[in-house]
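These notes concern the structure reproduced below.
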Amino acid sequence: MYLAFPNFNLYSMPLLFLVLQGYIFAFLLLKRFFSKKHLPDLFLSLLLFITGYHTTTYIIGFMDWYDTYQNTKINYFLIDFLLAIGPLVYFYIKSITQPYFKFRKIDFLHFVPALVFFIYKICIYLYDAQQPNFDEVQNGWFLSNVHWQYVSFWLSPLKDISYLGYSLYATWLYFKYRKNIIHFFSNTYNVELNWLRTFLFLFIGLFLFHIIIGITDYSFFENHWKQRWWGHLLGALIMLYIGMMGYFSDFSKLYNLKTQISEVLELNQTEPSSIIKSKSKDDLDFDNLKEQISSYMETHQPFLNPEITLPELAKDLKINSNQLSQVINNGFGKNFNEFINFYRVEMVKTKLQDESLQHLSLLGIALECGFNSKATFNRVFKKLTNQSPSAYQKNL
């Protein structure tokens with residue numbers, strides 16, 4: 001039977017459709033980067049282009065390229081750029097969780113392995129092209145007898161180590177960011193960035209899936225190309241989802257808070273505990289400061305501001321941010337987020353007992369007391385009272 005490229009079949013069409021959709025979001029992200037100069041858009045765009053290109057190298061196989069063009073040299077130009085995936089994941093997370101981040105010249109070193117591999121593949125082609133009968137074969141001598149026999153064997157674990165190492169470090173950056181913000185923000189809903197957690201879990205999950213496939217290939221039985229197709233389909237689906245979420249996720253609040261986030265995180269770019277322990281209790285008049293802070297909270301009620309932050313409260317109190325952090329942590333035994341929410345919950349409890357406010361809903365009262373979302377209110381209230389807001393109201 002005569003085969004002609006392209007062969008649009010059950011295997012090639014789904015992958016082709018998904019990858020084309022991924023390219024669309026990659027172009028949209030790149031366009032937005034050039035207009036708004038947001039680095040995360042650039043990193044995610046490159047991530048989609050590379051993973052899309054990697055899947056394309058398999059799509060042309062499913063479309064019968066190799067059967068139609070027996071002496072094709074395309075294997076020399078289907079260059080594996082997966083060594084750049086790990087760094088891109090890392091910089092995507094870093095550029096979002098560290099608003100003061102700037103991509104420096106030294107950061108290009110993370111992409112040197114991918115660049116070296118690109119140059120290496122070009123050199124292979126130039127070498128094989130000089131060998132006799134190169135036009136009559138699909139793969140030249142060096143590609144067949146050196147690269148695939150030896151280099152690929154070591155390249156695969158190198159890519160896996162890079163992928164896993166960068167992904168785990170990016171995950172650590174994300175959870176460190178989540179841990180830090182409770183020391184500076186009273187409401188973390190707008191800056192928790194739960195989308196990034198999903199992004200990381202999907203990437204690591206996809207990596208583990210391919211590791212399992214690799215282990216079964218090596219230890220038990222070799223998967224047929226039709227069985228491997230499911231892995232490519234899963235990867236294409238995940239990348240399309242990531243492209244959509246990355247483009248449509250609303251980071252406007254994060255960018256609007258960029259200066260504020262930079263201010264609070266740059267108070268100390270190490271662990272918050274180093275702020276807390278930077279001075280001993282003897283260096284501060286804890287009793288006077290505690291009394292001053294407690295009095296201010298009762299009289300001025302700054303916790304009613306849903307977006308109150310540690311630097312803002314310190315400015316109102318006319319004390320140093322580090323001192324305020326230390327007194328709240330060591331004097332009141334709470335982080336800033338717990339400290340502010342304690343007052344909010346107490347006011348909610350007071351208002352629930354006020355008969356003149358019975359016409360207000362629980363959410364309405366919560367919003368009046370400084371909470372900015374129902375989910376945050378329910379979580380915080382239950383944590384501090386060991387019962388849900390509705391259960392507490394019913395018991396009254």
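Only heavy atoms go into these numbers, but all of them, side chains included; no hydrogens, no water, no symmetry mates.
Nearest heavy-atom pair, Gly246 versus Trp195, reported as atom, atom and distance to 0.1 Å: N-CZ2, 3.8 Å. Shown here for Leu29 and Ser45, the closest heavy-atom pair between the two residues is CB-CB, 3.9 Å. Summarising the geometry of Gln387 relative to Thr385, their closest heavy-atom pair is O-OG1, 2.9 Å, with the distance given to 0.1 Å. What you find for Ser373 and Leu367 is that their closest heavy atoms are N-CD2, 4.4 Å. Nearest approach of Phe185 to Asn337, heavy atoms of both residues: O-ND2, 3.1 Å. Heavy-atom minimum distance, Trp148 versus Ser144: CB-O, 4.0 Å.
Looking at Thr55, its side chain does come within 3.5 Å of a backbone N or O of Thr51 through a donor-acceptor pair. Side chain of Trp141 to backbone of Asp128: no donor-acceptor contact under 3.5 angstrom is found. Looking at Thr72, its side chain never comes within 3.5 Å of a backbone N or O of Tyr69 through a donor-acceptor pair.
Looking at heavy atoms from C-beta onward, Met13 lies out of side-chain contact with Phe62 at the 4.5 angstrom threshold. Side-chain contact between Leu28 and Arg32 is absent, with no heavy-atom pair separated by less than 4.5 Å. In this structure the side chain of Leu304 reaches within 4.5 angstrom of the side chain of Met347, judged on heavy atoms. Taking 4.5 Å as the limit, every side-chain heavy atom of Ile96 sits out of range of all side-chain heavy atoms of Phe101. Using a 4.5 Å cut-off on side-chain heavy atoms (C-beta onward), Ile59 and Met63 make contact. Put simply, the side chain of Leu362 reaches to within 4.5 Å of the side chain of Gln393, judged on heavy atoms.
Ring-centre distance between Trp154 and Tyr150: not below the 6.0 Å cut-off. A distance below 6.0 Å separates the ring centres of Phe91 and Phe43. Taking the six-membered ring wherever Trp is involved, the centroid distance between the rings of Phe27 and Phe49 falls below 6.0 Å. Here the two rings, on His232 and Tyr58, have centers that are under 6.0 Å apart.
In Trp230, the CH2 atom is not crowded: 12 or fewer heavy atoms of neighbouring residues, nucleotides or ligands sit closer than 6.0 Å. Dense packing is recorded around CD of Glu346, with more than 12 heavy atoms of other residues, nucleotides or ligands lying under 6.0 Å away. Counting non-hydrogen atoms of other residues, nucleotides and ligands closer than 6.0 Å to CZ of Phe77 gives a total above 12.
Below 30°, between 30° and 60°, or above 60°: for Tyr163 and Phe203 the angle between ring planes is between 30° and 60°, a tilted geometry. Between Phe134 and Tyr76, the ring planes are perpendicular. Angles over 60° get that label, and only those under 30° would be called parallel.
Judged by distance alone, the side chains of Arg344 and Ser186 do bring a donor and an acceptor atom under 3.5 Å apart. Side-chain atoms of Asn341 and Arg379 form no donor-acceptor pair, as typed in the model, at a separation below 3.5 Å.
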query = For Ser325 and Leu310, what are the C-alpha separation, side-chain angles and deciding distance, and is it a side-chain contact (heavy atoms from CB on, under 4.5 Å)?
reply = CA-CA 7 Å; Ser325 177; Leu310 178 75; 4.0 Å; yes
key: Worked verdict on Tyr174 versus Phe199 for ring pair (Phe, Tyr, Trp, His ring centres under 6.0 Å)   = CA-CA 11 Å; Tyr174 169 71; Phe199 169 84; over 10 Å; no
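By the 6.0 Å and 45° rule, Lys73 does not stack over the aromatic ring of Tyr125.
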Indicate every side-chain donor-acceptor pair of residues 106-123 with a distance under 3.5 Å to a residue at least two apart or in another chain.
unit_1: Asp107; atom_1: OD1; unit_2: Arg104; atom_2: NH2; d: 3.4
unit_1: Asp107; atom_1: OD2; unit_2: Arg104; atom_2: N; d: 2.9
unit_1: His110; atom_1: ND1; unit_2: Tyr166; atom_2: OH; d: 2.8
unit_1: Tyr120; atom_1: OH; unit_2: His147; atom_2: ND1; d: 3.0
unit_1: Lys121; atom_1: NZ; unit_2: Asn75; atom_2: O; d: 3.4

